[in-house]
Amino acid sequence: MSAPAVPSSQRKRLPTRAAVVAGLLLLIPVIALGIVPVYSRETPKLWGFPFFYWYAILWTLLAPVFTYSAYLVIARARRQP
Amino acid sequence: MRGLAVGGGVHSTELAVVLGFFALVTIGGFVAARWRRGQSMHSLDEWGLGGRSFGSVITWFLLGGDLYTAYTFVAVPAAMYATGAVTGWFAVPYTIVAYPIIFIFMPRMWSVCHKHGYVTPADFVRGRYDSRGLALAVAITGIIATMPYIALQLVGIQAVLDTMGIGGTGSWFARDLPLIVAFAVLAAYTYTSGLRAPALIAFVKDTLVYIVIVVAIIYVGVKFGYGEIFTAAKTKMTKPTPAGPPTGVFITSKANYWAFGTLAFGSALALFMYPHAMTGVLAARGRNVIRRNAAFLPAYSLMLAFLALLGFAAIYNKTPVFGRDGYANAQLAVPHLFDQVFPSWFAGVALAAIAVGALVPAAIMSIAAANLFTRNIYREFFAPNAAPKQEATVSKVVSLVVKFGALIFVLSLDRQNAINFQLLGGVWILQTLVAIVAGLYTRWLHRWALLLGWATAMIYGTVTAYRQTVPNVKVKLVNGTPTPQVHGTRHFGTSVADFPFTHTKVYIAISALVINLVVVVVVTLILRALRTPAGVDATSPEDYYADAPSDAVLSTVEREMSGAEPHSPGAT
C-alpha cells in the first residue's frame, strides 16, 4: 500500500520520562504476582482467607490503581505541547 | 435440596427463569441490528467490528462478557473443586497480569489496524511482513484455537441443562434438542446483527453475573464461613490418595511454583492473541478506550476469584457432582451448588447467568473466526477483488458454519475431547505472539524465520501435550455409592510438562514459546546474513501512534481495501 500523505497533526512518540514512569507503574502488579514463592504461604490469615488467596484478591483491587495511574501519566504527557 | 441420588424431574421454576432470560436476550440480539447503526451493515467493519465505534462502557461490558466465558465460570471452580490451586487459582493472577501487558501493546495494535483497515491479527501480519504464508499460519492458528473454545461454551450450557434435569439418558434427540435450539437462535441473531448482538447481550450477562456473585459471596460468608470452606478444601487437597501423594494443591510449594507462575503468565500472554479478544479490542473507538479498560477490567477478575472459591464452598457443602448420566463431573460443582443452596427462582437466575454467559463469547468467537477465514483465506487466496459487501456475506455464512461445527463437535465426541483441544488451543495461540507482538515494535525478525519458529513450536507443543498421559478414571454412582472405574490411560492429561532438559514442570505453551523465540532469532540471523528478501512493510512508524485516521486517509484505505473501484481513467 502506498503511504498516503500523513497530516502533521499526527501523534508523536511519548516523552521518555512519561514512558518510563508508566512502564514502572505497570511493572509493579506484574512483579507482585510473579513472586510466587513469596506469597505461597498460609499465614497471616485474613477473615479466614489464607495469605495465598487474599493476596491475589487484594491485587485485583490494587492492579487497577497502578494501571489507571499509568493511564493518567500518559494522558497528561499527551496533553502537554 | 437434592441428595446424592441422580435423577428427579425437571426443575420447572429454574427452567422458567432461564427461558425467560433466554427470550430477553434473543429479542436483544435481533434488536441490536438497529442499535448504533452505521450507514450499512454490508462490510466487515460494520458487521464484524460494530463500526469500530464502541466507547469505554460498552467495551468494558463487551470484553468482560467476551473473556470471562461460561466455560470459565464452570471450569475454574471445577478445577478448584477437583485439584485446587495450581489448575484453578492460577486464573486469578492470570487475569490480573494480562491487563498491564495489553495496556502496553494493544493501543499500538489498535492504531495500526485502524489506520490500515485491518480486521484481524493476520491482516496486520500480512501488511507488516508482506508474507501470505505467515498471515495464513496466524489465521489458521486463530481458527483452530477458537473452534474448541466455542465448543466449550456449549459444554457450559450442557452443565446448566443437566442441573435443571434436562439431558442425561433418553434419546439423543430429546437430550440434545434444547442445545440445538439455543445455538440455532444464537446463530440467527449473530447473522443479522453481527458484533452488535453480543455487545448488547453482554449488558444482561454481566449484570446477572455480578448479582449472582454478590449474593453468593454473602451467602457463603454467612452460612458457611470462609474459614470453614478453606479448612474443608485443605483437608481434601492434602489427603493422600490410595495410589500415593495427594493430587490436589492447597497452597503452591517448591514443586509447583513454576507450574503455577507459567500457567498464569502464559495464559495472560495468550489471552489477547485469541481472535475474539482482538475483535473486542479493535471494535473500540480509540486508544484511550483500551487503556481505560485495561484499568477497569480486573473488576471481573475480582468476581472470578470469588467464583473460583465456590469450588471450595462445594467441597465444604459436600455438593454431589454426579450428572444425569451417573458419572461424576467436577464441572457440575457450581451449578449443583446453586441448585442446592438457593431458592429455585434465584438458582434459575444463577443458571441463566451461566447460560447467557455462553452466548456472548460464542457469538464473538464465531465472528472472529469468520473474519479470519474471510480476510486471510477467502480474500487472500480465492477472491482478491472481493467487495466489502461480499466479504460481509461470506463472514456471515462462515459464522454459521463455525457454530454448527462446534455443535457437532460437542454432540458427537466425548466432552473430554473439547477440553483437550481447548488446552491445545492455548498452547497454539501463544505461538502467534512472536509475529504479532514483536511485529508491533520491530521488523528485525525475518518473516520466514517467524514461520519456521511457529511451525517448530506448534509441533513441539502438540506432541508434548499429547504425551502427558494420566490414568483415565471415571467415577460412577452405582446403587448410591461412588465407584471409581479405570479405563486405561488418556492423553492430554495435564497442561504442564518438564521444561526441555530439566525436571521442572512448566506450562507447555511457555516451553513452546521459548523454543519458538530461539528458532526465530537464530534463523533471522542466518537469513539476514544471506540477505534473503524481507518483503515490503506496508506500515510506517507513525501508524503505531495514530489515533483516528484523517478523512483523506480513510477514503484511500477504503478504496484500496475494497478493491471495488477500477482504476479506469474515467473514474474520479
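First the proteins, then the strands, lettered A, B, ... as listed; each starts at 1.
- A:Ile74 touches chain B through its side chain: at least one heavy atom from C-beta onward sits under 4.5 Å away, while N, CA, C and O do not.
- Of the two parts of A:Leu27, neither the backbone nor the side chain holds a non-hydrogen atom closer than 4.5 Å to a non-hydrogen atom of chain B.
- For B:Lys505 and B:Tyr257, the positive end is not near the middle of the six-membered ring at less than 6.0 Å and at most 45° from its axis.
- When the candidates B:Ala294, B:Pro100, B:Ser301, B:Gly227 are compared by the number of heavy-atom contacts under 4.5 Å with chain A, B:Pro100 comes out ahead.
- Ranked by non-hydrogen atom pairs under 4.5 Å with chain B, the options A:Trp47, A:Trp59, A:Phe49 are led by A:Phe49.
- Judged by a 6.0 Å distance limit and a 45° cone about the ring axis, B:Arg292 is not positioned over the six-membered ring of A:Tyr68.
- Of the atoms belonging to A:Ala32, not a single heavy atom falls under 4.5 Å from chain B.
- For the pair B:Arg291 and B:Phe103, the cation-pi test (distance below 6.0 Å, angle within 45°) is passed.
- Looking at B:Ala268, neither its backbone nor its side chain comes within 4.5 Å of chain A, counting heavy atoms on both sides.
- The contact between B:Lys234 and chain A is made entirely by side chain atoms (from C-beta outward), counting heavy-atom distances below 4.5 Å.
- Nearest heavy atom pair, residue A:Val36 against residue B:Gly261, reads CG2-CA, 4.0 Å.
- Counting heavy-atom pairs closer than 4.5 Å to chain A, the top residue among B:Phe250, B:Tyr99, B:Tyr300 is B:Phe250.
- A distance below 6.0 Å separates the ring centres of B:Phe260 and A:Phe52.
- Heavy-atom pairs under 4.5 Å with chain B peak, among A:Gly48, A:Ser40, A:Pro29, at A:Ser40.
- A centroid separation of less than 6.0 Å is found between the aromatic rings of B:Phe312 and A:Tyr53.
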